[in-house]
Amino acid sequence: MKLALTAFVLLPLVATAKRSKKEKSSKSCSTFPKHLIELSQTDQKVPNGPDVAAGDVYLWLYNDLCEGNTFDNDNFVCGVDNVGNASGSCLVLADTGESDCEDTWHLHDYGTLNFRGIGINEVVVGGTGCFENARGPILNELINDGNIEWYTYDLTGVKL
């Protein structure tokens with residue numbers, strides 16, 4: 001189990017490392033959307049179960065990233081507003097309910113963006129293409145309507 005978990009967590013980082021640091025994006029970096037939604041399509045908790053405890057890990061791989069603040073709620077997909085996908089992991093910290101998270105976004109026309117943080121306070125730690133020299137905070141919010149959940153992201157503080 002440890003080996004499988006390690007491979008799942010490191011997969012997005014390995015994929016990012018293989019991409020050229022000087023990779024050019026196919027769109028102008030100035031057109032990158034500053035508000036995104038990540039659909040929690042593949043999220044899994046290890047160990048599986050209803051209770052959340054310190055040491056639990058959440059994993060996700062290739063969740064859709066939608067531009068703006070809306071998505072196809074009936075089918076739980078972005079549709080025409082899909083700008084990429086998100087992969088990452090979160091480790092639940094001791095009895096605080098907060099998690100230490102790392103995210104890797106593969107953005108179709110812009111490059112790759114890596115960020116990490118605790119709770120809703122995350123910061124850019126690297127990237128390729130448009131995000132080669134990116135820095136700044138990313139604010140996020142978890143929304144759960146009882147049937148599905150998604151995250152909203154505000155990248156207005158990110159400097160390219």
Side-chain angles (χ1 to χ4, degrees), residues 8-13 15-17 19 21 23-45 52 54 56-94 96-160:
F8 188 89
V9 172
L10 295 179
L11 180 62
L13 299 177
T16 300
R19 297 178 79 162
K21 192 171 185 182
E23 175 183 326
K24 298 295 180 191
S25 62
S26 62
K27 281 193 175 180
S28 169
C29 296
S30 65
T31 64
F32 178 72
K34 297 292 188 173
H35 294 93
L36 297 172
I37 290 175
E38 177 187 344
L39 306 178
S40 298
Q41 298 158 313
T42 67
D43 295 23
Q44 295 180 13
K45 184 172 82 68
V52 177
D56 286 354
V57 176
Y58 287 88
L59 306 167
W60 58 98
L61 186 63
Y62 306 128
N63 284 344
D64 284 346
L65 284 171
C66 312
E67 182 175 352
N69 296 315
T70 61
F71 59 92
D72 181 345
N73 198 6
D74 293 331
N75 298 308
F76 201 49
V77 295
C78 294
V80 296
D81 297 329
N82 184 306
V83 295
N85 60 67
S87 299
S89 65
C90 289
L91 173 66
V92 178
L93 302 175
T96 65
E98 291 189 310
S99 297
D100 180 11
C101 300
E102 64 83 20
D103 288 90
T104 299
W105 287 355
H106 299 279
L107 299 149
H108 301 312
D109 296 318
Y110 302 97
T112 301
L113 180 65
N114 300 90
F115 57 99
R116 74 169 303 128
I118 296 177
I120 63 168
N121 300 305
E122 296 184 294
V123 65
V124 173
V125 295
T128 64
C130 290
F131 307 106
E132 185 174 335
N133 295 309
R135 63 196 182 287
I138 296 177
L139 302 176
N140 72 64
E141 178 182 11
L142 170 65
I143 300 171
N144 187 327
D145 75 356
N147 296 317
I148 58 174
E149 72 176 30
W150 64 94
Y151 288 83
T152 62
Y153 292 94
D154 179 347
L155 285 81
T156 55
V158 175
K159 306 296 182 218
L160 302 180

Verdict with supporting geometry, Ile118 and Leu93, side-chain contact (heavy atoms from CB on, under 4.5 Å): CA-CA 9 Å; Ile118 296 177; Leu93 302 175; 4.1 Å; yes

Distance from [X] atom [atom1] to [Y] atom [atom2], nearest 0.5 Å?
X	Y	atom1	atom2	value
Asn85	Leu65	CG	CG	6.5 Å
Leu160	Phe32	CG	CZ	8.0 Å
Phe131	Leu113	CZ	CG	5.0 Å
Ser40	Leu142	OG	CG	6.5 Å

side-chain contact (heavy atoms from CB on, under 4.5 Å) between Asn82 and Asp64, intermediate numbers included: CA-CA 7 Å; Asn82 184 306; Asp64 284 346; 3.3 Å; yes

Heavy-atom pair of closest approach, residues [X] and [Y]:
X	Y	answer
Ser87	Leu61	OG-CD1, 3.3 Å
Val57	Leu59	CG1-CD2, 3.5 Å
Phe115	Val124	CB-CA, 3.8 Å
Val158	Pro137	CG2-O, 3.4 Å

Asp103/Tyr153 under side-chain contact (heavy atoms from CB on, under 4.5 Å): CA gap, chis, key distance, verdict: CA-CA 12 Å; Asp103 288 90; Tyr153 292 94; 4.2 Å; yes

Side-chain H-bond candidate by donor/acceptor type, Asp43 with Asn63, under 3.5 Å: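 Yes.
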
Any side-chain donor near an acceptor of the partner, Tyr58 and Gln44, under 3.5 Å: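 The answer is no; no qualifying pair exists.
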
Test log, rule side-chain contact (heavy atoms from CB on, under 4.5 Å), inputs Glu149 and Leu39: CA-CA 7 Å; Glu149 72 176 30; Leu39 306 178; over 6 Å; no

Flag side-chain contact, heavy atom, 4.5 Å: Asn140 against Glu122: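 Touching, per the 4.5 Å side-chain cut-off.
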
Electrostatic pair Asp100-Arg116, nearest N-O below 4.0 angstrom: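 A salt bridge links Asp100 with Arg116.
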
His106 and Tyr62 aromatic ring geometry - parallel, tilted or perpendicular at 30°/60° bounds: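 Because their plane-to-plane angle lies in the 30° to 60° range, the rings of Tyr62 and His106 count as tilted.
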
